[in-house]
Amino acid sequence: MPIGIGIGLDRSWQYAISRAALEKFVFGKDIIFTYGPLGYLIGGSVLDQNFYPILLFRLIAESITFCITITTIIIQKTKFHKFLLSTSIFFAYLLGLSIDYKIIFALIMILSWENIINKKNIRLWALGLGSISGLCLLTKFNIGVCTLGIIIIVILAKIFQDFKYKSNLSTSLFALSDAVIAALTSSFLLLNPHLVENFKQISLCIFLASVFGILFWLIKTQLLNNANRIDGKFYPIISFKNGFYIAYAFAILMINFYFSPLLTNYLKGSLEISSGYSSAMSIVGSYWELGFAIVGLVMVLLILIQLMREEFLGLGLALAFTLWMSFKHGYVRQDGHVHFFIQSLLIISSIAIIKLRNRFKLLKKITLIYLFSIISIYCLAPTYFGQPSVNMAFSIGQIFSPINVINKVSALLNPEKLRLNINNNSNLELSKVRLPDKVLQVLNNHAVDIIPWEISMVESNKLNWQPRPIFQSYAAYTKFLDSTNLSSISSKSPDYIIYNFTAIDNRHPFFDEPSTFSYIACNYKLSSELNEFINTPALINLIVLQKRDINICSSSIKTKELLLKWNQSTNLTDTSSLVRASIKFEYSLLGKIYKTIFRAPLVNINIDFKDASYSSFRIIPENSENGIIISHLPLNENQAFSFFQGHLNQRVQSFKFSTSNPILYKPNIPLILDSYHILD
């Protein structure tokens, strides 16, 4: 069911993507996130204007994926296969199978049907599935990448088999082009909220392609008139269809990558967030749990290898690709995200076992025993690896209890009542972050941004929200993302910033978006009218920052370059100025491979303060080169409040860097210290 607006880190971004779509922000430019302009349909909060689109989309998506699932179960040839597949899907649902994974597995199930992709209809399937993957790309980046990746993998496997058996390659090659062009077209059409502009550009592509097609037809006609002088084997190549196709493909590529690169920007921003996530958001959990997953990976990969040998190369590779995507999604942040991998493992294993011939019975039995162990640990055991497990009895009772079924059916039959209930719950949540009247009087219609993440305050207080593209500080994982925020806030500075001194994963709040926060430290001050902490029922010790008239950090910079080793302590001699450290952590070759396949190990900065106290904070290796404030690091809200009053307190004496796995990084750490004199 759709959900209303809530407070907290996750509920705030859910509201933000709904609000951004409503305000017609351009994703990839005004907003950069893993969700696109249609992301509110699967992950957004209900606002007054989007309730029915969300409800309708989810009903359609759930109905289609359900019908595909039931069809896949029914067409299985044995009762055991029907039981295995339905049981795996059932337990995956109990573990909370999300709508994005339902869409991905629905596509895989279609591809697992016998003779679904063949020479006769492969281009039609490529066009249709490519168009759908383009739309998926605008909902959530990983859905688009996974669905389009699966389609491309299956077609590439078909091309390989055609080459191997000396079959006609042209149809499969055109199908690959069809899928990519269809994905580009459908995603380009709906990316820009100003749809008229996109339709104009697509219409221009079609017009130019038609002109080019007619030109090809005229050339062919002329060639036919001179057939006695021209080799006839070239006639089929020069046709209206081929001329139109070539021109349209060239035109859509040029528009996307040169004339109107909105889609390119969207893909680049989403890719930056996805790649930076591996290092910035990693959490190392139980090694037993990780080992358990690796054993499962190896067993399922053995089955998939056998599947690829039995004329199911495309399906086997697609399943392996999805398995890796879900493993990385689940174990980069090894907490509740692990369920994503377990759900995928259950379904992928079942599909692979079903498609595998009657050989390899021992491998199948071992894998099934392993799957049963998975179910026992994650659905039946009281706890697993120190984490609370899914209460299977509670989940089944919650999903299938008569009162729950009646309530959901009643809600679907009376959607207006459902909408009112959601709005009432939203209002109750929003009342917890309602700002005092005196604050609202000062903010009035001024442009306001919120740091680090509680965007729900925008709706609760009807603020004039002027966000940074990466609107939650913790998500500025890379140099590019942080620099994008800096460019935005420096060129279009909000009048006020509502600031809360907090961060996740033991990071220091000053480290999340280094260059952006350094700009804020130099260009914003405590509001003269609101020079005290602001409290709400859910949030305390908020600070309202006001734009300064001038930048108080002098342009004269004293620079010092260092080359440090891991765990090598360095003293800060200049403690009277504000010092920023540009730190370049470089991965070793093994580290690059490890990060791509899995995750990056945590990097910490260990700090000794002038007052003889000591602290350790997590630092993000992908964005630290932009320059973190290193000389003065408040440790609590009171010290942060004093910092924005102009008092450079909590001075750092020395610091060093450490990591749990230094072989994944290069041993030398280049460091540049820049000192800024602060104007009085």
Just by modelled atom types, is the [Y] backbone N or O under 3.5 Å from a matching donor or acceptor in the [X] side chain?
X: Asn425; Y: Ile422; answer: no
X: Tyr15; Y: Leu47; answer: no
X: Ser12; Y: Leu9; answer: no
X: Ser172; Y: Leu169; answer: no
X: Gln334; Y: Ser286; answer: yes
X: Arg123; Y: Asp178; answer: no
X: Arg333; Y: Ser282; answer: no
X: Ser177; Y: Leu173; answer: no
X: Ser133; Y: Gly144; answer: no
X: Lys328; Y: Thr596; answer: yes

Interatomic spacing from [atom1] in [X] to [atom2] in [Y] - rounded to 0.5 Å:
X: Phe27; Y: Leu138; atom1: CZ; atom2: CG; result: 10.0 Å
X: Ser187; Y: Leu190; atom1: OG; atom2: CG; result: 8.5 Å
X: Ile159; Y: Ile152; atom1: CD1; atom2: CD1; result: 10.0 Å
X: Leu124; Y: Leu129; atom1: CG; atom2: CG; result: 10.5 Å

Task: Residue from Phe340, Trp324, Phe341 passing ring pair (Phe, Tyr, Trp, His ring centres under 6.0 Å) with Tyr331 - done: Phe341

Heavy-atom pair with the smallest gap, counting every atom of [X] and [Y]:
X: Ala179; Y: Leu148; answer: O-CD1, 4.2 Å
X: Arg58; Y: Gly44; answer: NH2-O, 3.9 Å
X: Cys146; Y: Met325; answer: CB-CE, 4.0 Å
X: Ile470; Y: Ala475; answer: CG2-C, 3.6 Å
X: Leu304; Y: Ala352; answer: CD2-CB, 3.7 Å
X: Ile150; Y: Thr322; answer: CD1-OG1, 3.5 Å

Residues forming a side-chain contact (heavy atoms from CB on, under 4.5 Å) with [X], sequence neighbours excluded:
X: Ser270; value: Phe141, Tyr266
X: Phe80; value: Thr78, Leu84, Leu368
X: Thr72; value: Ile68, Gln76, Leu85, Met109, Ser112, Trp113
X: Gln14; value: Ile3, Arg11, Ser45

Task: Residues which pass salt bridge (charged side-chain N to carboxylate O under 4.0 Å, His left out) with Arg599, listed by chain and number, not counting sequence neighbours - done: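 Here no residue qualifies.
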
Task: Test salt bridge (charged side-chain N to carboxylate O under 4.0 Å, His left out) applied to Lys432 - qualifying residues, sequence neighbours left out - done: Glu429

Under 4.5 Å between any side-chain heavy atoms of [X] and [Y], yes or no?
X: Ser349; Y: Ile303; result: no
X: Arg19; Y: Tyr40; result: no
X: Phe57; Y: Leu38; result: no
X: Phe471; Y: Ile32; result: no
X: Ser326; Y: Leu345; result: no

Selection [range] - residue pairs positive for salt bridge (Lys or Arg N to Asp or Glu O under 4.0 Å), sequence neighbours left out:
range: residues 35-47; result: none
range: residues 262-275; result: none
range: residues 399-420; result: Glu416-Arg419

TODO: Check ring pair (Phe, Tyr, Trp, His ring centres under 6.0 Å) between Phe321 and all other residues, then give those that pass, not counting sequence neighbours.
DONE: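 By the ring pair (Phe, Tyr, Trp, His ring centres under 6.0 Å) rule, Phe321 matches no residue at all.
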
Task: Residues in ring pair (Phe, Tyr, Trp, His ring centres under 6.0 Å) contact with Tyr52, at least two apart in sequence or another chain - done: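 Testing Tyr52 for ring pair (Phe, Tyr, Trp, His ring centres under 6.0 Å), a comparison that skips the adjacent residues, returns none.
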
- [ ] Measure centre to centre between the rings of Trp13 and Tyr35, then say whether the value is under 6.0 Å.
- [x] yes

TODO: Using the side chain to side chain donor-acceptor pair (under 3.5 Å) rule, collect all pairs that involve residues 84-107, keeping only residues at least two apart or in two chains.
DONE: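 Sorted pair list: Glu62-Lys102, Ser88-Ser350, Ser98-Asp100, Asp100-Lys140, Tyr101-His329.
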
- [ ] Test Tyr370 against Phe292 for ring pair (Phe, Tyr, Trp, His ring centres under 6.0 Å), laying out the working first.
- [x] CA-CA 10 Å; Tyr370 175 80; Phe292 198 75; 5.2 Å; yes

Task: Mutual orientation of the aromatic rings belonging to Phe327 and Phe598 [parallel < 30°, tilted 30-60°, perpendicular > 60°] - done: parallel

Open item on the list: By the definition side chain to side chain donor-acceptor pair (under 3.5 Å), identify the one residue from Glu310, Gln306, Glu114 that meets it with Lys355.
Closed with: Glu114

